[in-house]
Amino acid sequence: MNVAKVIVDVPSFAIDQTFDYEIPDRFTHVLTPGMRVIVPFGPRKIMGFVVEITDTSSFNKLKPIEEVLDLVPVLTKELLDLGKWLAHRTLSLSIVALQVMLPQVLKSKYKKEINRLSGEVLSDELEDLFQGRDVIPFEEFEASALNYQHLKKAVDAGEVQIDYIVKSKITKKFETFVYPKKEIHLLEEALHDLSQSARKQRAIIEFFIENPQEIKQKSLLQTIGTTTSTVKALIDKGLLDTYQKETYRNPYNDDAIERTDPLPLKPEQQQAIEPILASIENNEHEVILVHGVTGSGKTEIYLQAIQEVIKKGKEAIVLVPEISLTPQMVKRFKGRFGRNVAVMHSALSAGEKFDEWRKIQRKEVQVVVGARSAIFSPFENLGIIIIDEEHETSYKQEDQPRYHARDVAIKRGKDQNFPVVLGSATPTLESYARAAKGVYKLATLTKRTNDKPLPEVITVDMRRELHAGNRTMFSRLLMEKIRDCIAKGEQIVLLLNRRGYSTFIMCRDCGHVKECPHCDIALTYHKNSHLLKCHYCSYEEEVPNVCPECSSDLIRYFGTGTQRVEESLTQLIPEARVIRMDVDTTRRKGAHEKLLREFSEHKADILLGTQMIAKGLDFENVTLVGVLTADSMLHLPDFRSSEKTFQLLTQVSGRAGRHDLPGEVIVQTYTPDHYSIELASKYNFEDFYKKEMAMRRAFRYPPYYYLALITITHENHVQVVQATQQFVQQLLMKVDPETIILGPTPSPIPRIKDRYRYQCMIKYKHEPKLRTFIQEVTNNFKEQIQKHDLQIIVDMQPYQMM
Ligand code: ADP
Ligand code: ZN
Ligand code: ZN
């Protein structure tokens with residue numbers, strides 16, 4: 001008998017195992033591991049992944065597989081193994097670990113169709129089915145007498161392909177085309193009749209007399225310099241008509257990107273690339289940390305290493321942080337490798353992402369540039385993985401499976417024998433310590449390729465400003481520099497360093513702060529909608545007119561959101577044109593790119609924003625960078641806060657003076673003597689590393705200790721405290737005496753969505769069985785989890801202490 005072992009889509013630890021199903025005859029020689037199937041499970045029919053095919057089962061009376069969803073496996077053998085590893089590493093469900101590797105489109109059920117690939121001759125049976133059509137619904141195949149093997153043969157031979165019908169408005173792109181409805185002599189007559197004052201209408205008719213064919217409405221309007229109302233007037237006169245045409249989804253216009261050639265490498269770059277090339281050449285896994293100041297030519301090294309990989313017929317994954325996945329970055333890769341590049345980031349629609357993913361699956365590209373999840377690209381002949389800005393915390397997924405892309409990269413590199421390159425101007429202490437110990441190879445780039453010095457950083461003590469009577473959030477020096485800059489026609493980047501920055505509502509009389517009724521966190525004031533919103537659950541309410549506590553009407557909004565900074569900035573310097581970039585102004589698709597484009601076209605003097613402006617941007621005309629509140633992150637309950645501050649200051653400083661004009665950086669702070677601010681202003685990574693390592697050693701944090709964070713949540717406060725206490729006690733009995741377990745303590749946000757949250761932090765040096773221990777202890781809470789809705793969240797590599 002043919003048996004398939006299937007991981008079913010039931011997100012429960014009680015079900016986290018494979019189930020055996022019989023493979024009916026019609027699916028033999030069709031089904032392979034890595035395909036998705038529909039199987040009966042209890043009374044339901046659910047999706048599952050085939051992970052293995054065998055010929056025996058220890059159960060008799062197996063239920064048969066109902067339906068096969070793919071004729072080409074969506075997960076390769078390597079990815080199936082990787083999924084197993086990932087589930088174990090992150091203590092998450094196998095089904096979740098497999099799902100995370102796939103694009104959204106494959107996570108839900110879509111209707112399918114069969115497409116004939118152009119010019120292919122099909123078997124007689126298939127020709128009968130197609131009856132001259134190019135596309136048929138999949139159901140027609142299922143209803144026919146044809147078997148799956150027959151279809152699979154045609155798929156494997158590249159004669160037909162199965163496509164998913166993604167029914168989402170955003171995935172289909174339509175464009176309006178305009179065409180003349182009348183023949184030329186009639187248009188000429190109409191022109192004659194049109195009044196001389198209808199200048200734009202006349203221009204359009206003249207245009208069509210010259211070019212009597214359809215044209216994109218957008219191009220037409222641009223050519224004539226008019227609006228749709230003119231076209232509409234002519235449609236009403238019966239002279240023109242429009243129709244919608246579907247255009248191929250192409251988020252980046254490849255053809256418009258200019259091709260670039262490799263640059264002759266500078267000596268430092270040459271030194272850095274050598275170990276990478278050697279590792280590629282010898283098919284030997286190696287992790288190479290490229291520590292190079294911003295502008296030192298790291299990206300050029302990546303490009304040339306990838307070129308070697310392509311030459312060997314292999315493939316490359318490049319990870320860049322979501323936020324730096326700007327057209328600027330994409331252009332550099334497309335400029336070098338053209339259509340050989342797929343791009344994956346979250347701003348793409350589900351359909352666009354799927355298109356890109358399929359280019360990889362079908363081996364139409366050899367390079368993918370993408371954010372975190374691109375690490376699971378289904379390449380089968382990988383030659384390199386590059387992680388740019390390796391210190392970015394967005395490489396860690398804060399949801400099941402809680403993985404770090406760097407670990408996945410190194411796992412794939414080790415198993416498949418290729419190099420992993422980590423690049424940063426400010427590497428994590430973890431990576432740098434490994435390089436210092438010789439576990440990774442270290443390559444250092446100290447110079448900018450243009451030989452320009454890094455911009456000078458001036459620290460301004462904001463306490464003195466206050467003493468001098470300046471109550472604004474702009475120091476006198478910064479104001480003066482901004483004015484100078486604008487006068488010279490140069491541009492400015494202003495960073496408001498506030499993670500989770502917010503404007504909240506507070507009563508001036510009694511100090512009451514409006515909090516979310518379901519979460520222990522202040523509600524955020526949204527000026528545009530005039531609503532108070534919770535950023536943790538979707539709760540929102542009207543802004544009250546009087547204080548709900550003391551009925552005072554002195555209830556005002558506080559905090560230094562970017563909106564408020566923008567307001568006071570335009571008050572102080574009315575002539576400044578400001579572009580504000582934050583979560584509010586970039587929510588809409590394409591808004592991010594649009595704002596950056598406007599800034600690069602000098603439609604504004606100042607780019608004001610949160611963290612998202614610190615990275616990867618490269619504007620020729622920016623000569624001044626201002627950091628408004630350098631220390632606001634230092635006081636967060638997070639042992640990485642100094643490191644994050646150092647990284648952010650270094651990154652943002654790198655935005656100034658990247659080209660011919662020299663740059664300058666003003667850092668405003670209330671703690672100018674803090675080592676991370678002082679050393680960042682001197683670009684002194686080495687000393688920062690030493691100092692911070694000493695702190696980490698003293699307080700027993702990574703890289704000296706490993707961490708694991710257990711968070712337990714429940715609606716009942718007492719129950720959550722008790723459960724966490726018991727968890728800690730039971731775990732303490734199992735672990736090494738040297739291992740430290742801190743807690744139970746309330747989580748930094750003690751309640752979210754009406755659930756109380758307690759946590760314990762495990763610090764350990766050597767605990768090879770920790771995952772098993774945690775699983776064993778969690779099992780003791782099985783009943784509370786299943787019957788009483790207790791939740792235990794395990795994060796084996798916590799980055800967010802919240
Ligand atoms: P990083 O990634 O380290 O910030 P980039 O790769 O963006 O640095 O390089 C900074 C600038 O230097 C870019 O404009 C790039 O085109 C240029 N550049 C890189 N390598 C060279 C080289 N070998 N010769 C001349 N210019 C270079
Ligand atoms: Zn009050
Ligand atoms: Zn809430």
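For ligands, and for the atoms within them, numbers begin at 1 and follow the listed sequence. Values below: every heavy atom of this structure, side chains too, minus hydrogens, waters and symmetry copies.
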P264 neighbourhood, listing ligand 1 atoms whose heavy-atom distance to it stays under 4.0 Å: 22 (C), 23 (N), 24 (N)

Ring centers of H291, Y432 separated by less than 6.0 Å: yes

Whether N450 lies under 4.0 Å from ligand 1, heavy atom: no

Residue portion contacting ligand 1 (non-hydrogen atoms closer than 4.0 Å) for A425: neither

Sub-4.0 Å heavy-atom contact, G295 with ligand 1: yes

Short side-chain donor-acceptor distance under 3.5 Å, T623 and E490: yes

Check ion pair K488-D605 (N to O, under 4.0 angstrom): no

Beyond-backbone contact of P750 with Y756, side-chain heavy atoms, under 4.5 angstrom: no

Residue V293 vicinity, atoms of ligand 1 by number, heavy atom under 4.0 Å: 3 (O)

R448 and ligand 1 - part of the residue with a heavy-atom distance under 4.0 Å: neither

N/O/S from C519 sitting under 2.8 Å away from the Zn ion (ligand 3): yes

Carboxylate-amine/guanidinium contact R755 D789, below 4.0 Å: yes

Axial cation check for Y799 ring with R640, 6.0 Å and 45° limits: yes

H391 ring center near F646 ring center (under 6.0 Å): no

Where ligand 1 meets E300 - atom numbers and elements under 4.0 angstrom, heavy-atom basis: 6 (O), 19 (C), 20 (N)

Close approach of R332 to ligand 1, heavy atoms, under 4.0 angstrom: yes

Any N/O pair G297/ligand 1 closer than 3.5 Å: yes

Proximal atoms of ligand 1 relative to T449 (non-hydrogen, under 4.0 Å): 10 (C), 11 (C), 12 (O), 17 (C), 18 (N), 19 (C), 20 (N), 21 (C), 27 (C)

Plane angle bin for F688 and F685 - parallel if under 30°, tilted between 30 and 60°, otherwise perpendicular: tilted

Full working for salt bridge (charged side-chain N to carboxylate O under 4.0 Å, His left out) between E281 and K312: CA-CA 9 Å; E281 189 51 44; K312 288 189 76 181; 5.0 Å; no

Atoms of ligand 1, numbered as shown, that sit under 4.0 Å from any heavy atom of K266: 22 (C), 23 (N), 24 (N), 25 (C)

Check: T299 N/O within less than 3.5 Å of ligand 1 N/O: yes

